[in-house]
Amino acid sequence: MQNFDFYSPTYFAFGKDTENRAGELVKRFGGSKVLIHYGGGSVVRSGLLDRVKASLEKEGLAFVELGGVKPNPRSGLVYEGIDLCKKENVDFILAVGGGSTIDSSKAIAAGTVYDGDFWDFYQGKRIEKALPVGTILTIAAAGSEGSPDSVITKEDGMFKRGASGDAIRPKFSILNPALTQTLPPYQTACGITDIMAHLYERYLTNTKEVEVTDRLIEGLLLTMIHEGPRVISDPFNYEARANIMWAGMVAHNNTCGVGRSQDWLSHMIEHELSALYDCAHGAGLAVTMPAVHTFEMPHNVMRFAQAAVRIWGCQMDFEHPEITAKAGIDAFRRFLISIGMPEDLESLGADSDDIPKLVNSLLYGDGGSGKISGFVTLDEDSCTKIYKMMV
């Protein structure tokens with residue numbers, strides 16, 4: 001196991017009706033003028049936004065609003081939010097929505113107290129200072145409610161990139177599983193896929209002797225395999241929703257990733273798909289991960305064989321472990337399809353003729369070096385092969 005520092009101070013309020021504590025928690029963490037940031041749609045129609053406003057008003061907190069966050073959140077709205085926060089002297093940002101809203105809120109929080117262009121953080125500059133952020137989660141997926149990470153799409157060139165820093169870890173996150181019960185099955189399945197991706201990205205490690213975090217990851221993946229089909233068949237199963245929501249947070253606040261190298265190649269490769277086609281991130285990952293894992297498998301057959309046995313219940317073939325490893329990848333792919341995820345580029349709405357464009361943007365766009373690294377290192381030829389495996 002590698003040396004590590006781990007700091008995860010987010011306060012979690014979990015359970016039914018906890019959104020009514022928004023004002024109390026904003027005040028507890030020092031807010032006095034709040035930006036309520038949200039997408040729209042169900043947050044407004046369900047009355048959630050009105051309940052949040054009432055909670056803030058009860059505590060005597062002033063607020064301004066900025067809606068309009070889209071999936072794969074855009075840089076344009078981040079700039080708008082930064083300008084609004086500066087103009088209105090906002091000192092706290094409250095994200096009401098899913099990962100896209102939370103990521104947009106984090107970008108605004110960092111950009112408001114920064115003299116330069118917030119995109120600097122999405123080109124590698126570490127975020128050291130930001131306005132405090134709180135969240136009210138409406139979909140279990142991205143894990144941004146407990147993480148120090150944010151992903152934004154730059155509209156000039158449609159580059160989808162990430163930034164990180166403990167300064168943007170939420171001060172608090174309100175997690176009410178009941179708020180996810182009205183999600184369409186497709187969105188629920190996309191969230192399940194994203195959570196499983198966060199776990200696999202950490203499981204695929206080159207670090208030896210990491211049994212504790214291996215077992216944590218395996219347990220969470222087994223939870224998703226159990227609860228995923230339950231919640232797809234019965235969307236109002238509160239207990240299944242609750243287990244998925246907490247698993248989504250634990251999967252991405254890096255509890256499972258400390259002391260080990262991580263992969264993230266599937267995420268990097270998928271980001272090009274969701275940037276170009278505006279597809280759901282989880283759906284893109286469902287197509288991307290089996291291809292990436294198949295390409296990576298020869299690098300460490302036994303790591304994939306271990307996953308196959310411990311997670312997917314495959315029988316170990318000690319003479320031909322590659323057979324076991326492949327069986328595990330196939331089982332993962334079948335599971336994703338069974339919950340309604342796409343299985344190839346065409347069913348994702350992508351065009352195989354765009355593969356050269358995807359590879360170029362991935363490796364060279366926005367200052368890229370021509371290679372990306374994780375569990376293995378990929379160049380132009382290997383990235384092209386992986387995208388072709390998705391056809």
Side-chain angles (χ1 to χ4, degrees), residues 189-233 244 247 251 256-257 260-267 269-270 282-348 374-376 378 382-383 385-391:
C190 285
I192 291 166
T193 304
D194 198 7
I195 293 167
M196 296 180 80
H198 293 157
L199 294 164
Y200 261 107
E201 298 284 35
R202 291 173 167 89
Y203 199 76
L204 298 177
T205 181
N206 291 310
T207 308
K208 307 295 185 184
E209 302 292 339
V210 285
E211 186 73 2
V212 171
T213 42
D214 271 0
R215 292 297 190 177
L216 288 172
I217 294 167
E218 291 159 7
L220 287 163
L221 283 167
L222 287 167
T223 297
M224 300 309 295
I225 293 166
H226 178 259
E227 301 290 15
R230 290 178 75 205
V231 82
I232 293 295
S233 64
I244 290 171
C256 298
R260 57 195 291 149
S261 68
Q262 300 178 22
D263 191 9
W264 299 103
L265 291 176
S266 290
H267 268 72
I269 289 169
E270 190 290 322
L285 285 168
V287 173
T288 300
M289 283 188 288
V292 172
H293 293 180
T294 299
F295 185 89
E296 292 177 324
M297 185 183 71
H299 172 67
N300 188 339
V301 171
M302 291 307 296
R303 175 117 299 242
F304 284 98
Q306 176 176 294
V309 172
R310 291 185 178 182
I311 300 164
W312 297 104
C314 300
Q315 292 297 310
M316 185 66 197
D317 187 331
F318 289 99
E319 292 187 5
H320 302 285
E322 69 279 2
I323 294 175
T324 305
K326 185 179 183 303
I329 296 170
D330 290 343
F332 183 28
R333 186 169 185 265
R334 288 194 302 272
F335 174 83
L336 295 173
I337 294 170
S338 76
I339 61 171
M341 287 290 89
E343 55 185 298
D344 53 32
L345 287 180
E346 182 180 1
S347 57
L348 189 65
F375 194 47
V376 298
L378 303 178
S382 49
C383 289
K385 288 179 181 177
I386 289 170
Y387 279 119
K388 286 183 176 180
M389 291 165 66
M390 302 180 206
V391 175

Q: Going by the side chain to side chain contact (heavy atoms under 4.5 Å, CB included) test, name the single residue among Ile329, Ile386, Leu285 that passes it with Val292.
A: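 Answer to the side chain to side chain contact (heavy atoms under 4.5 Å, CB included) test with Val292 among Ile329, Ile386, Leu285: Ile386.
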
When rounded to the nearest 0.5 angstrom, what distance separates [atom1] in [X] from [atom2] in [Y]?
X	Y	atom1	atom2	result
Thr223	Ile192	OG1	CD1	12.0 Å
Leu199	Ile217	CG	CD1	6.5 Å
Arg260	Glu209	CZ	CD	11.5 Å

Q. Has the side chain of Asp263 got a donor or acceptor atom that lies under 3.5 Å from a matching backbone atom of Gly374?
A.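 No, because the side chain of Asp263 does not come within donor-acceptor range (under 3.5 Å) of the backbone of Gly374.
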
Considering non-hydrogen atoms only, spot the tightest contact between [X] and [Y] and give its length.
X	Y	answer
Ala283	Pro342	O-CG, 3.7 Å
Cys314	Thr324	CB-CG2, 4.3 Å
Leu378	Cys383	CB-SG, 3.7 Å

Q: Look at the aromatic rings of His198 and His267 and report parallel, tilted or perpendicular, splitting at 30° and 60°.
A: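 Judged by the thresholds at 30° and 60°, the geometry between His198 and His267 is parallel.
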
Q. Can you name the one residue among Phe304, Tyr200, Tyr203 that meets ring pair (Phe, Tyr, Trp, His ring centres under 6.0 Å) with Phe332?
A.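 Exactly one pass, corresponding to Tyr200.
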
(Q) Salt bridge or not between Asp214 and Arg303? Use side-chain N to carboxylate O under 4.0 Å. (A)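 Salt bridge between Asp214 and Arg303, a charged N being under 4.0 Å from a carboxylate O: yes.
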
Q. Does the distance from a Lys or Arg side-chain N to an Asp or Glu carboxylate O, for Glu211 and Arg215, drop under 4.0 Å?
A.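 So Glu211 pairs with Arg215 through a salt bridge.
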
